[in-house]
Amino acid sequence: MDLFGFDIFVLALVLLFILILLAGVKTVPQGYNFTIERFGAYKRTLTPGLGVIVPFIDRIGSKMNMKEQVLDVPSQEVITKDNATITSDGVAFYQVMNAADAAYEVNDLQHALLNLTMTNIRTVMGSMDLDELLSNRDEINSRLLKVVDEAAAPWGVKISRIEIKDINPPRDLVEAMGRQMKAEREKRATILEAEGDRQSAILRAEGEKQGKILQAEGERQSQFLAAEARERTAEADAKATEMVSKAIAEGDIQAVNYFVASKYVETLGEVIKAPNQKVVMLPIEATSILGALGGIGEISKEVFGKDNPLSNRSARVPSVKED
């Protein structure tokens, strides 16, 4: 009977030992850290896996989530530097790096981070004009990240990213901005149109200038060729005169008759070509004129040959009416 009571006592001691052992063994899941307190004071931190504590002396203080977490920043009103009232919201990403600091340096970590982020959003956005605010969202995110991360560092928290989701100006301000944008686009269109007209006028002027230059160059070339032709004609006349003078000096009467006849034919042709001349009145006998023309043809044949155009021309002189 006493042996049976002793067995019960030993069994109770074994069960108590097992219970104490189980109370001192803690399992920490992946992504969490547990803070251990001894008599209410922080002692150490348990990392993921199996951990052992002193039963009834140590206890788990806080179970800290070490994974990156998302903090939704609600919409709030912000007054910009140029006194425009807007509403803005955002989102923040943070991760606990030190479980003890996050548990004991701040009370209610998420609430503290939320208020810190909202306050700095008002501060950063309130220091910028509305136009700068709408066009420099990346700069706003960078400034917010730097300020909030520095402020949250003592809490054992790393702010990895802060993003502004929406910036909503008042309706009347949006309408005014739309009118301003429209006016600005119309202004740019007018400037571009004026610039196009100016370029077109410049090109037309350049074209006219080039045309006048080419025309003047053509006229100059034409005058040069005409002068050269006149010079050659004068040289030919001078040479002919020289040859006739030489022939006269040598006593060649046929050369004299040829020279006089050719001048006579040229003068008569110019008189006939005049538009206001219909009848030519000659103060000499017609038979003498025709004989002289026939003599001219014979002279030219002898001097230049049968194919001479002057002899042919003298043969084709139109008939004239005698006085």
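As the structure is a prediction and not an experimental result, all values here were calculated from the model. Numbers here are sequence positions counted from 1.
I60 belongs to a hydrophobic cluster whose other members, connected by ILVMFWY side-chain contacts under 4.5 Å either directly or through intermediates, are V28, Y32, F34, I36, L46, I53. In this structure, L225 shares a hydrophobic cluster with F224, the cluster being traced through Ile, Leu, Val, Met, Phe, Trp and Tyr side chains under 4.5 angstrom apart.
Within 6.0 Å of CD in E228 there are more than 12 heavy atoms belonging to other residues, nucleotides or ligands.
Within the structure, every pair that satisfies the ring-ring contact (aromatic ring centres under 6.0 Å, His included) test and touches residues 96-125, not counting sequence neighbours, is listed here: Y42-Y104. Applying the salt bridge (charged side-chain N to carboxylate O under 4.0 Å, His left out) definition to pairs two or more places apart or across chains, those involving residues 45-63 are E37-R59, R38-D58. Applying the ring-ring contact (aromatic ring centres under 6.0 Å, His included) test to residues at least two apart or on different chains, none of the pairs has a partner in residues 120-173.
Of the inter-residue distances, the one linking I20 atom CD1 with L15 atom CG reads 11.0 Å to the nearest 0.5 angstrom.
In this view, A153 satisfies the side-chain contact (heavy atoms from CB on, under 4.5 Å) rule with no residue, not counting sequence neighbours. Checked against side-chain contact (heavy atoms from CB on, under 4.5 Å), K212 has no partners two or more places apart in sequence or in another chain. Checked against salt bridge (Lys or Arg N to Asp or Glu O under 4.0 Å), D72 has the following partners two or more places apart in sequence or in another chain: K165. Take E195 and apply the side-chain contact (heavy atoms from CB on, under 4.5 Å) test, not counting sequence neighbours, and it matches R198, Q199. For R44, the salt bridge (Lys or Arg N to Asp or Glu O under 4.0 Å) criterion is met by no residue, not counting sequence neighbours. Evaluation of the side-chain contact (heavy atoms from CB on, under 4.5 Å) rule for S160 yields E68, F93 as partners, not counting sequence neighbours. Under the side-chain hydrogen bond (donor to acceptor under 3.5 Å, both in side chains) criterion, S127 pairs with R143, not counting sequence neighbours.
Of the charged side-chain nitrogens involved, none lies within less than 4.0 Å of a carboxylate oxygen, so that E208 and R204 do not count as a salt-bridged pair.
The hydrophobic cluster containing M128 also contains I121, counting ILVMFWY residues as joined when their side-chain heavy atoms lie under 4.5 angstrom apart, directly or transitively.
Each of D101, V157, N65 was scored for a side chain to side chain contact (heavy atoms under 4.5 Å, CB included) with L109, with one residue passing: V157.
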